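Taking it in order: structure first as structure tokens, then the write-up.
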Amino acid sequence: MNRKNKLLAAGAVAVAVLAAGGWAGYQYLAAQAGPGCSLRGYDARSPASTAPFAEDVFTGRVLEFEERTELEDLPTDVYRVEVESVLRGDVRGTVRVTFAPDEEPARRLADGVTYVFATQEAKEYVEDSQAQLFQGEMKPADGAQLRVWKRAAALPVLTA
């Protein structure tokens, strides 16, 4: 074999190894995300990690639980929420928020309680809705939580 053929053969082996490794990695991740699961490019339990992917970050008072539905094989709760203060974005008035908690059984948000929401528009799933991105424990909004979210909302917005 001459030098050129040896280099071509080595290159073909390298491409095959990389392709096999990529396929194995894909299969590993695909096995983790079956029906009812999603993979994210951020830590959905951290405000600092979630906020850069959110179009809107706001406090809102839950007016009512509307329904539980399936969106892309995920059990999802839909709430009607009155926006109280906006930390980022232009959401105003009363909005519908879809929330698909990672853990089952899901704890419903309480009517009349104010929470911090980090959302993206999700009108393709539920009319006039915002999809909740944060998957950490949803606690009633308090001063400490607002300070954390204000710092997080000041981070630049990233696109997925």
Side-chain angles (χ1 to χ4, degrees), residues 21-160:
W23 180 253
Y26 169 78
Q27 292 299 319
Y28 173 76
L29 291 174
Q32 293 181 31
C37 295
S38 63
L39 294 176
R40 299 178 185 90
Y42 63 94
D43 178 4
R45 298 188 175 284
S46 162
S49 182
T50 303
F53 291 92
E55 294 170 357
D56 299 292
V57 179
F58 61 94
T59 61
R61 184 170 54 89
V62 174
L63 299 176
E64 67 176 331
F65 168 79
E66 286 190 354
E67 65 177 328
R68 184 156 180 98
T69 186
E70 294 272 328
L71 301 178
E72 294 186 353
D73 296 324
L74 291 171
T76 302
D77 293 339
V78 181
Y79 296 92
R80 184 160 300 283
V81 176
E82 180 180 11
V83 176
E84 292 184 344
S85 67
V86 178
L87 305 175
R88 171 193 289 154
D90 59 2
V91 65
R92 301 280 186 265
T94 301
V95 295
R96 297 170 83 195
V97 176
T98 61
F99 181 43
D102 283 344
E103 298 173 0
E104 290 291 330
R107 285 186 38 212
R108 290 232 162 91
L109 302 180
D111 290 354
V113 176
T114 298
Y115 299 93
V116 178
F117 296 92
T119 65
Q120 284 185 342
E121 210 171 73
K123 293 178 181 179
E124 67 273 15
Y125 300 114
V126 175
E127 186 178 330
D128 296 326
S129 71
Q130 302 282 323
Q132 171 71 346
L133 301 180
F134 182 67
Q135 293 294 313
E137 183 179 356
M138 292 294 287
K139 299 178 191 174
D142 62 17
Q145 215 180 19
L146 285 174
R147 283 189 295 279
V148 168
W149 277 103
K150 281 181 183 178
R151 280 195 305 271
L155 295 170
V157 177
L158 301 173
T159 55

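Not measured: the values here are computed from a predicted model. No hydrogens, no waters, no symmetry mates; every other heavy atom, side chains included, goes into these values.
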Could you check Val113 against Val62 for side-chain contact (heavy atoms from CB on, under 4.5 Å), going step by step and ending with a plain yes or no? CA-CA 6 Å; Val113 176; Val62 174; 5.8 Å; no

Taking it one step at a time, do Tyr115 and Val97 satisfy side-chain contact (heavy atoms from CB on, under 4.5 Å)? CA-CA 12 Å; Tyr115 299 93; Val97 176; over 6 Å; no

Would Val91 and Phe117 count as a side-chain contact (heavy atoms from CB on, under 4.5 Å) here? Give the steps. CA-CA 11 Å; Val91 65; Phe117 296 92; over 6 Å; no

Checking Val116 against Leu146 for the side-chain contact (heavy atoms from CB on, under 4.5 Å) test, could you report, in this order, the C-alpha distance in whole Å, the side-chain angles of both residues, the deciding distance, and whether it holds? CA-CA 8 Å; Val116 178; Leu146 285 174; 4.0 Å; yes

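The heavy-atom pair separating Ala152 from Pro47 by the smallest distance is CB-O, 3.5 Å. Here the closest heavy-atom approach between residue Phe65 and residue Asp111 is recorded as N-OD1, 3.4 Å.
Checking Gln145, Lys150, Arg151 one by one against Val148, the side chain to side chain contact (heavy atoms under 4.5 Å, CB included) holds for a single residue, Arg151.
In terms of the side chain to side chain donor-acceptor pair (under 3.5 Å) criterion, Arg88 has no residue partners (sequence neighbours excluded).
Going from atom CE of Met138 over to atom CZ of Arg108 covers 14.5 Å, rounded to the nearest 0.5 Å. Here CD of Glu64 is found 6.5 Å from CZ of Arg80. Values are rounded to the nearest 0.5 Å. The CG atom of Asp77 lies 9.5 Å from the CD atom of Glu67; values are rounded to the nearest 0.5 Å.
A donor-acceptor distance shorter than 3.5 angstrom exists from the side chain of Gln120 to the backbone of Phe53, with no hydrogens or angles considered. Not one N or O on the side chain of Glu82 forms a donor-acceptor pair closer than 3.5 Å with the backbone of Leu63. A donor-acceptor pair under 3.5 Å links the side-chain atoms of Thr59 to the main chain of Ser85, judged by distance alone.
Aromatic ring orientation, Phe99 versus Tyr79: tilted (interplanar angle from 30° to 60°).
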